[in-house]
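Okay, so here's the structure we're looking at.
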Amino acid sequence: MRHTTNRLRRKLLAGGAGALAGAGMTMLSRSVLAQTSTIELPIANGRRVVERFPEKRPMIVLTTRPPQLETPFEVFNDSVLTPNDAFFVRYHNNGLPPSIDGDKHVIKIGGNAVAKPYELTMAELRSAFKPVELVAVNQCSGNSRGFFNPRVTGGQLANGAMGNARWVGVPLKDVLARAEPKNSAREVTFNGLDIALFGGGDFVKALQMNHAMDGEVMLAYQMNGADIPMLNGYPVKLIVPGYYGTYWVKHLSEIEVVEQPFEGFWMKPAYRVPDNDCACVEPGTTPSATRPIGRFNVRSFITSVADGGRLRAGQQTVVRGIAFDGGQGVREVAYSTDGGQSWRGAMLGADLGRYSFREFTFGFTPEKGSHDLRVRAWNRSGQSQPMEALWQPAGYMRNVVESVKVTAI
Ligand SMILES: Nc1nc2c(c(=O)[nH]1)N[C@H]1C(S)=C(S)[C@@H](COP(=O)(O)O)O[C@H]1N2
Ligand SMILES: [Mo]
């Protein structure tokens, strides 16, 4: 029932959008302007418009064409899974399809390194393979870019370009196996329905063959028990657990298994990081060598109180937050209430799997005055977060131990 309703709704939203993809998106984003308000972000970005897009609650707007929407940070305190209507949205190009018929959608599987190219319908994807389920974080490479100092160009995001969802779909490995990859297969490329309207590069990403065949990379058609929202990749998106969102191709429509390395614009020069252990360079300098961005580093955030927030003096509060990493799983979260001078262990919440947000809590009874709260996580292989922010020119991979200054009154 819900399924049907969803589909109807999606058609309604897209209805009358016109033949041009770009015009279609204008209609989509303009259809619900009534809810506009603004928000002050605690960074140099200043005021931001908060607006409601199709299937979304009011979100922080970076751009409207294409839609780039950030999750209001309070959402991360409500639940460990990020609701679909609050999940961030990132696109590169303007040519979004004005509407998608989920029942007619097909994924073409081919390339010069398969013996049997074929077309996979959504119906077959849902019925001919054994579905799997996984809770995993999607995070944009540029999440938190707006905090870089010295500042860098690109979307000036605060910390809301991330989200955690329960995905249901089919392992990519099974879908590829049916095309009978040859021994010469080296990489797999992924393309979605959106196009670059004004030239520039269509958004295509690639994974190494062994990564694509690891059994974890997934073609998901469900997000938190519902169809994937249009703006998050309806009807099917690639899930690359532990890897930055750039690989999570939305409206997936073409998969190619190829013998030669793929170096399209969005693999090179875009989405590269300094090729060293910290993926960082001296502020203001250019890396001498780069590699494609890969797994998430370790991060943790206090969610129950914001920087500049107030607490009650003399009263115990439970401070809450989330931590995650690139797939080892969170082993430990430490907290400090004195700006990092002394640390104690926080309590970890339910384990939803090693790719999920992990909740943590600690009790704090503040004395009257100001306090500098910090949290720092470790993953199961002992990796953690730097105390001082690292820098790189693209503004990717920020994971410094953040400081949340609160006043107890
Ligand atoms: N088809 C398509 N898929 C895409 C992109 C895009 O521009 N087009 N952007 C990628 C990037 S950089 C990110 S961070 C994620 C964001 O996923 P979301 O919009 O569902 O949150 O989508 C990825 N998949
Ligand atoms: Mo991204």
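Both ligands and their constituent atoms are indexed starting at 1 by order of listing.
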Are there any protein N or O atoms under 3.5 Å from the N or O atoms of ligand 1? List them with distances, or say none.
residue, atom, partner, partner atom, Å
ligand 1, 1 (N), D194, OD1, 2.7
ligand 1, 1 (N), D194, OD2, 3.3
ligand 1, 1 (N), K250, O, 3.1
ligand 1, 3 (N), K250, N, 2.9
ligand 1, 7 (O), H92, N, 3.0
ligand 1, 7 (O), H92, ND1, 2.8
ligand 1, 8 (N), D194, OD2, 2.7
ligand 1, 9 (N), H92, ND1, 3.4
ligand 1, 17 (O), N138, ND2, 3.3
ligand 1, 19 (O), R90, N, 2.9
ligand 1, 19 (O), K250, NZ, 2.5
ligand 1, 20 (O), N232, ND2, 2.9
ligand 1, 20 (O), K237, NZ, 2.7
ligand 1, 21 (O), F88, O, 2.6
ligand 1, 24 (N), W248, O, 2.9

- Task: Could you tell me whether R90 and E70 make a salt bridge, using a distance below 4.0 angstrom between a side-chain N and a carboxylate O?
- Result: no
- Message: Between S356 (side chain only) and R358 (backbone N and O only), is there a donor and an acceptor less than 3.5 Å apart?
- Response: no
- Sidechain N-carboxylate O distance under 4.0 Å for D351, R380: yes
- Task: Answer with yes or no whether the side chains of Y234 and E55 bring together a donor and an acceptor at under 3.5 Å.
- Result: no
- Salt bridge flag under 4.0 Å for residues R299 and E402: yes
- Query: Should the pair R178-E124 be classified as a salt bridge under the 4.0 Å nitrogen-to-oxygen rule?
  - Reply: yes
